[in-house]
Amino acid sequence: MSHNNEYSPSTTIHLGNPIHKDTSMAISIAVIGDIHDLWDVKDEAILKALGVDLVLFLGDFGNEAVEIVRQISTLNIPKAAILGNHDVWYSATSWGRSQCPYNRQQEDRVQEQLDLLGDSYVGYRGLDFPAFNLTVVGSRPFSWGGSEWKHKRFYRDRCQVKNFRESTERIIEAVTAAAHDTIIFLGHCGPYGLGDRPEDPCGKDWGKSTLGGDHGDPDLTDAIAYTQLMGKNVPLVAFGHMHHGLRHRTDCERIKAIINEDRTLYLNAASVPRIRKDKKGDRLYNLSLVTLEQGRVTQAKAIWSNEALAIHHEEILYSVP
């Protein structure tokens with residue numbers, strides 16, 4: 001079985017010549033993190049009711065959950081997606097392979113997911129959206145987060161990458177090939193450098209004796225810095241992996257959004273579980289909604305929609321003063 005189909009010779013995909021949206025107007029971007037098998041037929045209806053222009057999926061669809069990815073692949077809205085650590089749960093580690101519920105000699109469910117996502121998959125490559133005058137660039141796929149280079153054999157064989165330096169180079173290749181100067185970065189885990197408190201967007205919230213520490217990806221950090229040195233505009237870095245619910249305390253949630261002096265919004269959209277029930281037993285669906293105007297984020301909010309396609313409640317994460 002081939003393990004290389006996800007990495008085409010070109011590191012940037014061009015989506016033909018769609019009708020252009022006036023980029024002086026607002027672009028509505030939905031960011032959906034860490035689905036963990038919670039996706040159903042209402043989700044597409046909610047996205048369309050909200051008038052979303054673009055959907056970004058941050059990985060962890062489930063434990064190599066091919067059927068969930070199959071459903072999402074049919075979503076009839078422009079989209080980009082990356083895969084997370086759970087999407088290679090039975091393939092990347094010796095422990096996972098020992099627990100695998102299917103015959104890995106006959107099936108490659110990682111590749112099945114990649115084939116289903118097709119051009120919308122952006123791990124180590126870019127996806128141009130001419131209609132919005134922007135390119136979505138994916139960072140290192142399948143990330144577990146942190147400054148230790150994990151799962152060496154898997155990354156060597158699946159991605160032909162052996163260390164953080166080579167990983168950064170792969171991300172930068174996609175940036176260099178991008179057709180647009182506005183770059184949105186999509187990662188499963190966020191970048192290193194957003195804080196080392198357990199409550200920070202990528203802060204380590206487990207281990208009583210080792211609580212705290214920055215669990216972000218250093219290769220993504222270096223790629224973002226290089227992209228900005230190139231003079232590119234980076235309005236949004238979207239990621240998940242580090243769930244909003246904290247393990248060491250229940251009186252607050254993880255910080256979901258930070259905007260820095262470069263006016264780049266770093267958004268953690270990992271609300272888990274993303275489908276919950278309210279006090280009446282009605283299902284509520286989570287997503288983050290980002291408004292982009294003239295290449296800048298003007299608002300970001302976390303939304304919970306009900307089954308009637310109405311917003312049940314929302315949390316403003318950032319708004320231009």
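Residue numbers run from 1 in the order of the sequence given.
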Chemist: If you apply the rule side chain to side chain contact (heavy atoms under 4.5 Å, CB included), what do you find for V272 with H244, and how did you get there?
Modeler: CA-CA 7 Å; V272 178; H244 293 169; over 6 Å; no
Chemist: Out of curiosity, does I172 fall in the hydrophobic cluster containing Y124 (side-chain heavy atoms, cut-off under 4.5 Å, transitive links)?
Modeler: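 Yes; I172 is reachable from Y124 via cluster members.
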Chemist: Would you say V175 and L220 are hydrophobically clustered, going by side-chain heavy atoms of ILVMFWY under 4.5 Å?
Modeler: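 As far as the 4.5 Å side-chain criterion goes, L220 and V175 are connected within one cluster.
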Chemist: Sequence neighbours left out, what passes salt bridge (Lys or Arg N to Asp or Glu O under 4.0 Å) with E307? Give chain and number order.
Modeler: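 Partners of E307 under the salt bridge (Lys or Arg N to Asp or Glu O under 4.0 Å) test: none.
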Chemist: Let's go through R158 and D108 carefully: what are the C-alpha distance in whole Å and the side-chain angles of both, what is the deciding distance for salt bridge (Lys or Arg N to Asp or Glu O under 4.0 Å) to 0.1 Å, and is it a yes or a no?
Modeler: CA-CA 12 Å; R158 180 73 65 166; D108 183 348; 3.3 Å; yes
Chemist: Start with the C-alpha gap between F61 and I72, add the side-chain angles, then the distance that decides, and say whether side chain to side chain contact (heavy atoms under 4.5 Å, CB included) holds.
Modeler: CA-CA 9 Å; F61 296 100; I72 287 166; 3.4 Å; yes
Chemist: Can you tell me if H243 and E253 form a side-chain donor-acceptor pair at under 3.5 Å?
Modeler: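 No.
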Chemist: Which heavy atom of D214 sits nearest a heavy atom of G193, and at what distance?
Modeler: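 So the minimum-distance heavy-atom pair works out to OD2-N, 2.6 Å.
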Chemist: If the plane angle is over 60° it's perpendicular, under 30° parallel, otherwise tilted; pick one for W89 and H86.
Modeler: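 Answer is parallel, since the angle falls under 30°.
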Chemist: The criterion is salt bridge (Lys or Arg N to Asp or Glu O under 4.0 Å); which residues satisfy it with D34, sequence neighbours excluded?
Modeler: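 Not a single residue meets the salt bridge (Lys or Arg N to Asp or Glu O under 4.0 Å) criterion with D34.
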Chemist: Is it true that a side-chain atom of N268 and a backbone atom of M242 form a donor plus acceptor pair closer than 3.5 Å?
Modeler: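 Pair found, side chain donor or acceptor close to backbone of M242.
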Chemist: Quick one: pull up CZ in R274 and OG in S288 and give me the separation to the nearest 0.5 Å.
Modeler: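 OG of S288 is found 10.0 Å from CZ of R274.
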Chemist: Any donor-acceptor pair under 3.5 Å linking the side chain of T264 with the backbone of N260?
Modeler: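 No: the side chain of T264 does not pair with the backbone of N260.
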Chemist: Between D115 and Q111, is any side-chain donor less than 3.5 angstrom from a side-chain acceptor?
Modeler: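 On atom types as modelled, these side chains qualify, holding a pair under 3.5 Å.
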Chemist: Any side-chain heavy-atom pair from D60 and I35 closer than 4.5 angstrom?
Modeler: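 No, side chains not in contact.
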Chemist: So does K152 have more than 12 non-hydrogen atoms from other groups sitting under 6.0 Å from NZ?
Modeler: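 No, the 6.0 Å shell around NZ holds no more than 12 heavy atoms from other groups.
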Chemist: Would you confirm whether D87, through its side chain, and G84, through its main-chain N or O, come within 3.5 Å as a donor-acceptor pair?
Modeler: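 Checking the backbone N and O of G84 against the side chain of D87, a donor-acceptor pair under 3.5 Å is found.
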Chemist: Indicate yes or no: at least one non-hydrogen side-chain atom of W144 is less than 4.5 angstrom from one of V88.
Modeler: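 Touching, per the 4.5 Å side-chain cut-off.
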Chemist: What heavy-atom pair brings G216 and C189 nearest, and what distance separates the two atoms?
Modeler: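 Closest approach of G216 to C189, heavy atoms only: CA-SG, 4.3 Å.
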Chemist: Check this for me: R249, atom CZ, are more than 12 non-hydrogen atoms of other residues, nucleotides or ligands nearer than 6.0 Å?
Modeler: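 Yes, the 6.0 Å shell around CZ holds more than 12 heavy atoms from other groups.
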Chemist: Can you give me the closest heavy-atom contact between I77 and V52, atom names plus distance?
Modeler: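 Where I77 meets V52 most closely, the heavy atoms are CG2-O, 3.9 Å.
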Chemist: Between D128 (side chain) and P130 (backbone), is there a donor-acceptor pair under 3.5 Å?
Modeler: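 The answer is no, because no donor-acceptor pair under 3.5 Å joins these two groups.
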Chemist: Using a 3.5 Å distance criterion without hydrogens, assess whether the side chain of E64 forms a donor-acceptor pair with backbone atoms of S91.
Modeler: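 Side chain of E64 to backbone of S91: a pair is present.
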Chemist: Do the side chains of V137 and L186 get nearer than 4.5 Å, heavy atoms only?
Modeler: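 No, side chains not in contact.
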Chemist: Quick check on the hydrophobic clustering: are L83 and L75 connected, directly or via other members, by side-chain heavy-atom contacts under 4.5 Å?
Modeler: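 Yes, same cluster.
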Chemist: P201 and I258: which non-hydrogen atoms are nearest, and at how many Å?
Modeler: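 Scanning both residues, the minimum pair turns out to be CG-CD1, 3.5 Å.
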Chemist: Less than 4.0 Å between a side-chain N and a carboxylate O, is that true for E44 and K48?
Modeler: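 Looking at E44 together with K48, the answer is yes, because their closest N to O distance falls below 4.0 Å.
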Chemist: Take a 6.0 Å sphere around CG of N76 and say whether it holds more than 12 heavy atoms from other residues, nucleotides or ligands.
Modeler: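 Incorrect, the count does not exceed 12.
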Chemist: Under the criterion side chain to side chain contact (heavy atoms under 4.5 Å, CB included), I'd like the reasoning laid out for W39 against F57: C-alpha separation, chi angles, the key distance, then a yes or no.
Modeler: CA-CA 12 Å; W39 179 269; F57 291 99; 3.8 Å; yes
Chemist: Is there a donor-acceptor pair closer than 3.5 Å between any side-chain N or O of D53 and the backbone N or O of I27?
Modeler: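 No; zero donor-acceptor contacts below 3.5 Å.
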Chemist: Strictly by modelled atom types, are T168 and Y226 linked by a side-chain donor-acceptor pair under 3.5 Å?
Modeler: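 No, no side-chain donor-acceptor pair sits under 3.5 Å.
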Chemist: Which residue is it: N133, N233, T135? I am looking for the one with a side-chain hydrogen bond (donor to acceptor under 3.5 Å, both in side chains) to H180.
Modeler: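 With H180 as partner, N133, N233, T135 yield a single side-chain hydrogen bond (donor to acceptor under 3.5 Å, both in side chains), made by N133.
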Chemist: Go through K204 and T210 one step at a time and tell me if the side chain to side chain donor-acceptor pair (under 3.5 Å) criterion holds.
Modeler: CA-CA 9 Å; K204 181 175 174 289; T210 58; 2.8 Å; yes
Chemist: Between R70 (side chain) and Q113 (backbone), is there a donor-acceptor pair under 3.5 Å?
Modeler: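 Judged by distance alone, no pair lies under 3.5 Å.
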Chemist: Test Y285 against N306 for side chain to side chain donor-acceptor pair (under 3.5 Å), laying out the working first.
Modeler: CA-CA 6 Å; Y285 299 75; N306 61 24; over 6 Å; no
Chemist: Can a cation-pi geometry be assigned to R140 and Y155, taking NZ or CZ under 6.0 Å from the six-membered ring centre and within 45° of the ring axis?
Modeler: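 Judged by the rule (NZ or CZ under 6.0 Å from the ring centre, within 45° of its axis), R140 counts as positioned above Y155.
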Chemist: Taking the side chain as everything from C-beta on, heavy atoms only, tell me whether L134 gets closer than 4.5 Å to I183.
Modeler: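 Heavy-atom side-chain distance check fails, nothing below 4.5 Å.
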Chemist: Got T291 and S28 here, is their nearest side-chain heavy-atom distance under 4.5 Å?
Modeler: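 No, their side chains stay 4.5 Å or more apart.
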Chemist: Tell me which donor-acceptor pairs under 3.5 Å the side chains of residues 308-321 have, and how far apart each pair is, sequence neighbours excluded?
Modeler:
{"residue": "E315", "atom": "OE1", "partner": "K256", "partner atom": "NZ", "Å": "3.4"}

Chemist: Verify, without hydrogens or angle tests, whether H188 (side chain) and L58 (backbone) share a donor-acceptor contact under 3.5 angstrom.
Modeler: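 Yes; at least one donor-acceptor contact below 3.5 Å.
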Chemist: Which heavy atom of A223 sits nearest to which heavy atom of F185, and what is that distance?
Modeler: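 Result for this residue pair: O-CZ, 4.2 Å.
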Chemist: Where do D43 and Q71 land on the side chain to side chain contact (heavy atoms under 4.5 Å, CB included) test, with the steps shown first?
Modeler: CA-CA 11 Å; D43 279 296; Q71 293 175 44; over 6 Å; no
Chemist: When you measure from the side chain of N163 to the backbone of R165, do you find a donor-acceptor pair of N or O atoms at a distance under 3.5 Å?
Modeler: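 Side chain of N163 to backbone of R165: a pair is present.
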Chemist: Look only at the side chain of R254 and the backbone of L246, and say whether a donor-acceptor pair between them is shorter than 3.5 Å.
Modeler: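 No, because the side chain of R254 does not come within donor-acceptor range (under 3.5 Å) of the backbone of L246.
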Chemist: Does one hydrophobic cluster hold both F239 and I224, with members joined at side-chain heavy-atom distances below 4.5 Å?
Modeler: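 Hydrophobic grouping puts F239 with I224.
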Chemist: Kindly give the heavy-atom pair with the smallest separation between S143 and D217, and that separation in Å.
Modeler: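 S143 and D217 have their closest heavy atoms at OG-OD2, 2.8 Å.
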Chemist: Would you say the side chain of L56 lies within less than 4.5 Å of the side chain of I32, judging by non-hydrogen atoms?
Modeler: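 No, too far: nothing below the 4.5 Å cut-off.
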Chemist: If Ile, Leu, Val, Met, Phe, Trp and Tyr residues are connected whenever their side-chain heavy atoms lie under 4.5 Å apart, and connections chain through other members, are V161 and L114 in the same group?
Modeler: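 V161 clusters together with L114.
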Chemist: Quick one: pull up NE2 in H151 and CD in E148 and give me the separation to the nearest 0.5 Å.
Modeler: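 H151 atom NE2 to E148 atom CD measures 8.5 Å (nearest 0.5 Å).
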